[in-house]
Colleague: 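Quick one: structure below, then a few questions.
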Amino acid sequence: MKKYILKVCGGDKMSIEERKKRREKRKKRRIILIIVVTVYLIFRIIPTLYANNSKTVTVKEDILEITSEAKGILIKDEKVFKAQNPGSITLIASEGDRISSGSKVAQIFTDSVNEKLKEELNNIDKQLNDLNSNSISSSIFENDIEKNEAYIEKLKEEIKKEVDNGNYDKVKNLKEQLKKRLSKNSKLTGKNGYTKSNIEKLTNRRKELQNILKNSVVNYYSNIAGIVSYKIDGLEELYSIGKINDFRLDSFDVLEKENKEIVNNDIIKVNQPIFKIIDNFKWYIAIKVKKENILNLKENDFLDIRINGIDDTLTARVVKISNGDPDSILVLKLKKYLYKIYEKRYVDVTIINNSYKGLKIPLKSIIEKDGLKGVYIKDISGIIKFRPVKILGKDDKYAIVDKGNMYNIIEININGKNEKKRTLSMYDEVFLNTSRIKEGQLIN
């Protein structure tokens, strides 16, 4: 009985040790398995975490312009009008007005006679006004002189009669009346009074002065229609339409000249430019450009430009190309919007060399995969997918890619063969950072 128990106990002791060893082995295997699974999950999860945190941009349709900046010289059809007489100028039309042919623009009063004659005319007007205010009219000169003189004689007889009768109170009163009548008679017939002859002389002199003043004013009319400008830079002849064919690279000079503006009451000299009329339906602009940017451009081609001061894009026709090295001169003809910049000679110009329309994406999001250029997108299911693209045009930041047909299918040449591939579509989410992104990843 004891042996059995011992035997049994001995057997139990051996099995416990074996079980310990086995447990140790299983524990090690579990630890190894946990490490392997952890490493696997790390390698699986971290890229997904990166993908989840990667920024995306939404694809939209847009227009990308490839532009270059240049300086432009305005060449206008402008006629300068000069003064025929010296004097003080009065402006009739306003700066920037668009007028028709035959319109009065300005007038010049000759200074040498103007002020003196005006002063004399004002004095005559004042004298005639005083005459009217004293109620001395032309009828006085026809009747009042005779009536007044007859009344004076009558007063003299009455005074003599009353003196003889000794009525000295009446004599005193009659003498006062006689004094007033004599004073009035003096005004009517005296040397410095308002006699009929003096009034006639004043009236005749007034007419004479008015004629002289009228003849001392020279009116200036425009014989062409266009925009009125009193700002004259002195370059109207140098940059005239008639000299376009002679315009060369060495003609492109930005001269530091300011507009000289004529204002009301300026004192003008003979032959001084006083205003100009500009045809606002025909104008040109000369632009200096890099020769390499216009290699494919020919005369009579059309070019889109933007000019500082005009909001809209203008379409101009190329009328002349003067090639140099490395620069060339383009002369462009335009027909609209001159009224917005008519007073300028030099303008900043943006030349639109190319314009592309399609889906706009950041340039840094484009990668190459299996020989194809494309981008990674996050589709609706959250899976990262590669979409090939066909680049139509690009600048240093963005690219415009073909959106394909209505099903977003494009044709791409692969190893000499055209193959149809599905490309981007509107509102796709394109990844910006593609360094840790792989196709097929699932992200939230």
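Since the structure is predicted, the reported quantities are computational estimates derived from the model, not experimental observations.
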Colleague: For Ile32, what residues pass the side chain to side chain contact (heavy atoms under 4.5 Å, CB included) criterion, not counting sequence neighbours?
Modeller: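 Partners of Ile32 under the side chain to side chain contact (heavy atoms under 4.5 Å, CB included) test: Val36.
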Colleague: Do any pairs count as a ring pair (Phe, Tyr, Trp, His ring centres under 6.0 Å) and have a residue in residues 240-276, sequence neighbours left out, and if so which ones?
Modeller: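 Found Phe81-Phe275.
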Colleague: How would you list, by chain and number, every residue that makes a side chain to side chain contact (heavy atoms under 4.5 Å, CB included) with Asn265, sequence neighbours excluded?
Modeller: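 Here the qualifying residues are Ser88.
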Colleague: What residues, two or more places apart in sequence or in another chain, satisfy side chain to side chain donor-acceptor pair (under 3.5 Å) together with Lys79?
Modeller: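 Result, side chain to side chain donor-acceptor pair (under 3.5 Å) vs Lys79: Asn223.
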Colleague: Can you list every ring pair (Phe, Tyr, Trp, His ring centres under 6.0 Å) pair that touches residues 367-421, not counting sequence neighbours?
Modeller: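 Only Tyr376-Phe386 qualify under ring pair (Phe, Tyr, Trp, His ring centres under 6.0 Å).
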Colleague: Residues in side chain to side chain donor-acceptor pair (under 3.5 Å) with Asp379, at least two apart?
Modeller: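 If we apply the side chain to side chain donor-acceptor pair (under 3.5 Å) test to Asp379, skipping adjacent residues, the hits are Ser381, Lys385.
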Colleague: Return each pair, listed once, that meets side-chain hydrogen bond (donor to acceptor under 3.5 Å, both in side chains) where at least one residue sits in residues 352-365; pairs must be two or more places apart or across chains.
Modeller: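 Counting only pairs at least two positions apart or across chains, the side-chain hydrogen bond (donor to acceptor under 3.5 Å, both in side chains) contacts touching residues 352-365 are Ser68-Asn353.
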Colleague: Please answer whether the main-chain N or O of Lys336 pairs with a side-chain N or O of Trp283 as donor and acceptor at a distance below 3.5 Å.
Modeller: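 The answer is yes, because a donor-acceptor pair under 3.5 Å joins these two groups.
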Colleague: Would Glu439 and Lys369 pass as an ion pair if we require N to O under 4.0 Å?
Modeller: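 Yes.
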Colleague: Please find the pair of heavy atoms, one from Ile267 and one from Gln272, that lie closest to each other, and give the distance.
Modeller: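 So the two residues come closest at O-OE1, 4.1 Å.
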Colleague: Determine which pairs satisfy ring pair (Phe, Tyr, Trp, His ring centres under 6.0 Å) with at least one residue from residues 285-308, sequence neighbours left out, and list them in order.
Modeller: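 Matches after skipping sequence neighbours: none remain.
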Colleague: Is the backbone of Leu255 close enough, under 3.5 Å, to the side chain of Tyr346 for a donor and an acceptor to pair up by distance?
Modeller: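 Indeed, once roles are kept as given, a pair shorter than 3.5 Å links the two residues.
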Colleague: With Lys71, which residues qualify under side chain to side chain donor-acceptor pair (under 3.5 Å), at least two apart?
Modeller: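 Expected list: Asp348.
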Colleague: So which heavy atom on Leu338 is nearest to which on Asp279, and how close?
Modeller: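 Leu338 and Asp279 have their closest heavy atoms at CD2-O, 3.5 Å.
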Colleague: Hey, could you give me each pair passing side-chain hydrogen bond (donor to acceptor under 3.5 Å, both in side chains) that has a residue in residues 224-238? Not counting sequence neighbours.
Modeller: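 Output for this query lists Glu95-Ser229, Asp233-Arg345, Glu236-Lys276.
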Colleague: Mind checking what makes side chain to side chain donor-acceptor pair (under 3.5 Å) contact with Ser100, not counting sequence neighbours?
Modeller: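 Partners of Ser100 by the side chain to side chain donor-acceptor pair (under 3.5 Å) criterion, ordered by chain and then number, come out as Ser103.
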Colleague: Write out all pairs satisfying side-chain hydrogen bond (donor to acceptor under 3.5 Å, both in side chains) with one or both partners inside residues 291-312, taking only residues at least two apart or from two chains.
Modeller: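 Pairs touching residues 291-312 that pass the test: Glu65-Arg306, Asn300-Arg317, Asp304-Thr315, Arg306-Thr313, Asp312-Tyr337.
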